[in-house]
**Student:** 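Encoded as structure tokens, here's the structure I'll be asking about.
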Amino acid sequence: MRLYATVAAGGFRRHATYRVATLAGLFTNTVFGFVLSYTYLALWAERPDLGGYSSSDALAYVWIGQALLTVCGLMGGGFEDELIERIRTGDIAVDLYRPVDLQAWWCAANAGRCAYQLAGRGAVPLLIGALAFRFTLPDGPAGWAAFLLAVALGSFVSFALWYLVAMSAFWLLDGQGVVQAAWLTGLFFSGMLLPLNVFPGALGELAHALPWAALLQVPADVYLGRYGEGWGLVRAYGFQLGWLAVLLAAGRAAQTAATRKVVVQGG
């Protein structure tokens with residue numbers, strides 16, 4: 001465990017060196033937060049309580065989305081391009097022969113990245129949004145703690161999704177097609193464009209059942225107190241943990257198959 005803690009700390013320090021990129025991303029998130037806030041205000045003025053949200057809830061949802069954009073990899077996991085490049089060049093063979101678990105290594109590195117992004121591009125836009133607009137806040141320290149746990153679980157589900165996407169490069173000439181497909185699907189089904197609660201009928205049920213809901217919609221609803229306490233929160237976390245287990249197992253299976261492929265080709 002000490003090794004993976006070191007890897008996570010290294011991931012944090014690595015991304016902390018890109019201060020200008022962090023400031024640029026912070027500026028972008030804040031600008032889009034304002035644009036979306038006024039768009040949502042206009043929409044909720046026409047359709048009050050859309051999706052069961054008040055206008056204050058909708059504004060909170062906007063800024064939660066901007067805060068979690070990089071933390072939960074809503075538009076990319078932040079590591080898949082590097083992993084795909086290592087697969088394309090064959091450098092991944094060295095990684096697979098190391099006495100370290102490949103999936104756990106990348107998971108630890110991504111955890112460090114997420115921790116930095118939460119501090120650098122997560123908390124600040126949320127604070128700016130709270131100062132500029134009067135939106136819903138969690139109910140005390142317990143509400144914030146429940147929200148942060150949902151964010152942490154969402155970030156791990158995001159890792160498991162993007163790791164599986166990157167693993168597809170072992171069997172494709174170029175993994176970028178899968179990356180683009182995953183990016184577009186995640187953008188829609190995570191609730192980044194609109195809360196999944198406003199999706200009608202069967203589409204809404206499908207969107208809530210897919211793993212992308214664990215990245216934004218579930219943390220946002222935990223933040224807004226829509227799960228309540230006790231068993232409601234257990235149900236929310238159970239949904240995230242269930243998808244995390246499934247996706248990690250799928251990534252593990254893909255890694256095992258890729259290892260066998262590398263061994264056969266190497267032999």
**Student:** If hydrophobic clusters are built by linking Ile, Leu, Val, Met, Phe, Trp and Tyr wherever their side-chain heavy atoms come under 4.5 Å apart, do F79 and F12 end up in the same one?
**Tutor:** no
**Student:** Flag yes if more than 12 heavy atoms outside Y40 fall under 6.0 Å of its OH atom; otherwise flag no.
**Tutor:** yes
**Student:** Do the side chains of L59 and R134 get nearer than 4.5 Å, heavy atoms only?
**Tutor:** no
**Student:** Say whether Y163 and Q255, considering side chains only, have a donor N or O and an acceptor N or O under 3.5 Å apart.
**Tutor:** yes
**Student:** Should the pair W144 and F147 be assigned to parallel (<30°), tilted (30 to 60°) or perpendicular (>60°) ring geometry?
**Tutor:** perpendicular
**Student:** Answer yes if W106 and V246 sit in the same cluster of Ile, Leu, Val, Met, Phe, Trp and Tyr residues linked by side chain heavy atoms under 4.5 Å apart, and no otherwise.
**Tutor:** yes
**Student:** Could you check if a side-chain atom of D91 sits within less than 4.5 angstrom of a side-chain atom of E85, using non-hydrogen atoms only?
**Tutor:** no
**Student:** Indicate yes or no for a side-chain donor-acceptor contact from R226 to the backbone of V218 under 3.5 Å, with no hydrogens or angles considered.
**Tutor:** no
**Student:** Going through the checks in order, is the ring pair (Phe, Tyr, Trp, His ring centres under 6.0 Å) test met by Y38 and F133?
**Tutor:** CA-CA 10 Å; Y38 287 113; F133 300 93; 5.5 Å; yes
**Student:** Scan side-chain atoms only and decide if D221 and Y53 contain a donor-acceptor pair under the 3.5 Å cut-off.
**Tutor:** yes
**Student:** According to a 4.5 Å side-chain heavy-atom criterion applied to Ile, Leu, Val, Met, Phe, Trp and Tyr, with indirect links allowed, do L224 and L43 form part of one hydrophobic cluster?
**Tutor:** yes
**Student:** Same cluster for F32 and V124 if Ile/Leu/Val/Met/Phe/Trp/Tyr side chains link at under 4.5 Å?
**Tutor:** no
**Student:** Can you tell whether the side chains of E82 and R14 come within less than 4.0 Å, N to carboxylate O?
**Tutor:** yes
**Student:** Does any part of the side chain of R86, heavy atoms only, come nearer than 4.5 Å to the side chain of D81, both counted from C-beta?
**Tutor:** no
**Student:** Measure across V62 and G33 and return the closest heavy-atom pair with its distance rounded to 0.1 Å.
**Tutor:** CG1-O, 3.6 Å
**Student:** Can you tell me if Q240 uses its side chain to pair, donor with acceptor, with the backbone of A214 under 3.5 Å?
**Tutor:** yes
**Student:** Under 4.5 Å between side-chain heavy atoms, counting indirect links through other Ile/Leu/Val/Met/Phe/Trp/Tyr residues: same cluster for L193 and V35 or not?
**Tutor:** no
**Student:** Would one find more than 12 heavy atoms of other residues, nucleotides or ligands at under 6.0 Å from atom CD of E229?
**Tutor:** no
**Student:** Would you check, one step at a time, whether the test side-chain contact (heavy atoms from CB on, under 4.5 Å) holds for V198 with R47?
**Tutor:** CA-CA 11 Å; V198 310; R47 297 284 303 276; over 6 Å; no
**Student:** Looking only at side-chain N and O atoms, does Y61 offer a donor or acceptor that is under 3.5 Å from a partner on Q217?
**Tutor:** yes
**Student:** Measuring from atom CD of Q66 to atom CG of L36, what distance do you get when rounded to the nearest 0.5 angstrom?
**Tutor:** 5.5 Å
**Student:** State whether a side-chain donor-acceptor pair under 3.5 Å links W63 with S37.
**Tutor:** yes
**Student:** List the steps, then state whether side-chain contact (heavy atoms from CB on, under 4.5 Å) holds for V100 with L3.
**Tutor:** CA-CA 9 Å; V100 177; L3 170 63; 3.7 Å; yes
**Student:** Please give me the minimum heavy-atom distance between Y227 and R235, naming the atom from each residue.
**Tutor:** CD2-NH2, 3.7 Å
**Student:** For the side chain of S158 and the backbone of C72, is there at least one donor-acceptor N/O pair under 3.5 Å apart?
**Tutor:** yes
**Student:** Show the nearest heavy-atom pair for residues A60 and Y223, with the distance to one decimal.
**Tutor:** CB-CE2, 3.8 Å
**Student:** Between OG1 of T30 and CD1 of I128, what distance do you get to the nearest 0.5 Å?
**Tutor:** 4.0 Å
**Student:** Side chain of R113, backbone of T70: donor and acceptor closer than 3.5 Å?
**Tutor:** yes
**Student:** If I take atom CZ from residue F135 and atom OG from residue S55, how far apart are they, to the nearest 0.5 angstrom?
**Tutor:** 12.5 Å
**Student:** Taking atom CG as the centre, does D101 end up with more than 12 heavy-atom neighbours from other residues, nucleotides or ligands that are less than 6.0 angstrom away?
**Tutor:** yes
**Student:** Working to the nearest 0.5 Å, report the span between CD1 of I64 and CG of L69.
**Tutor:** 13.5 Å
**Student:** Does the ring center of F199 lie less than 6.0 Å from the ring center of F188?
**Tutor:** yes
**Student:** Whether the side chain of W105 engages the backbone of V7 through a donor-acceptor N/O pair (distance < 3.5 Å, no angle test) should be reported.
**Tutor:** no
**Student:** Quick one, F189 with H208, criterion side-chain contact (heavy atoms from CB on, under 4.5 Å). Give me CA distance, side-chain angles, the key distance, then yes/no.
**Tutor:** CA-CA 8 Å; F189 284 111; H208 276 94; over 6 Å; no
**Student:** Please report the shortest heavy-atom distance between L96 and F170, naming the atom on each side.
**Tutor:** CD1-CZ, 4.2 Å
**Student:** Indicate yes or no for a side-chain donor-acceptor contact from Y237 to the backbone of A146 under 3.5 Å, with no hydrogens or angles considered.
**Tutor:** yes
**Student:** Could you tell me which non-hydrogen atom of R121 sits nearest to which non-hydrogen atom of L26, and how far apart they are?
**Tutor:** NE-N, 4.0 Å
**Student:** What closest approach, in Å, do G51 and N197 show between heavy atoms, and which atom pair accounts for it?
**Tutor:** O-CB, 3.4 Å
**Student:** Apply the test side chain to side chain donor-acceptor pair (under 3.5 Å) to residues Y116 and T22: give CA-CA distance (whole Å), side-chain angles for both, the deciding distance (0.1 Å), then the verdict.
**Tutor:** CA-CA 10 Å; Y116 174 74; T22 300; 2.8 Å; yes
**Student:** Kindly compute the distance separating CG (L161) from CG (L244), expressed to the nearest 0.5 Å.
**Tutor:** 9.5 Å
**Student:** L216 and L196: side-chain contact (heavy atoms from CB on, under 4.5 Å), yes or no, with the steps?
**Tutor:** CA-CA 10 Å; L216 173 56; L196 302 183; over 6 Å; no
**Student:** Would the distance check show the side chain of W162 and the main-chain N or O of G73 forming a donor-acceptor pair, the cut-off being under 3.5 Å?
**Tutor:** yes
**Student:** Could you tell me the separation between the CG atom of L83 and the CG atom of D95, rounded to the nearest 0.5 Å?
**Tutor:** 8.0 Å
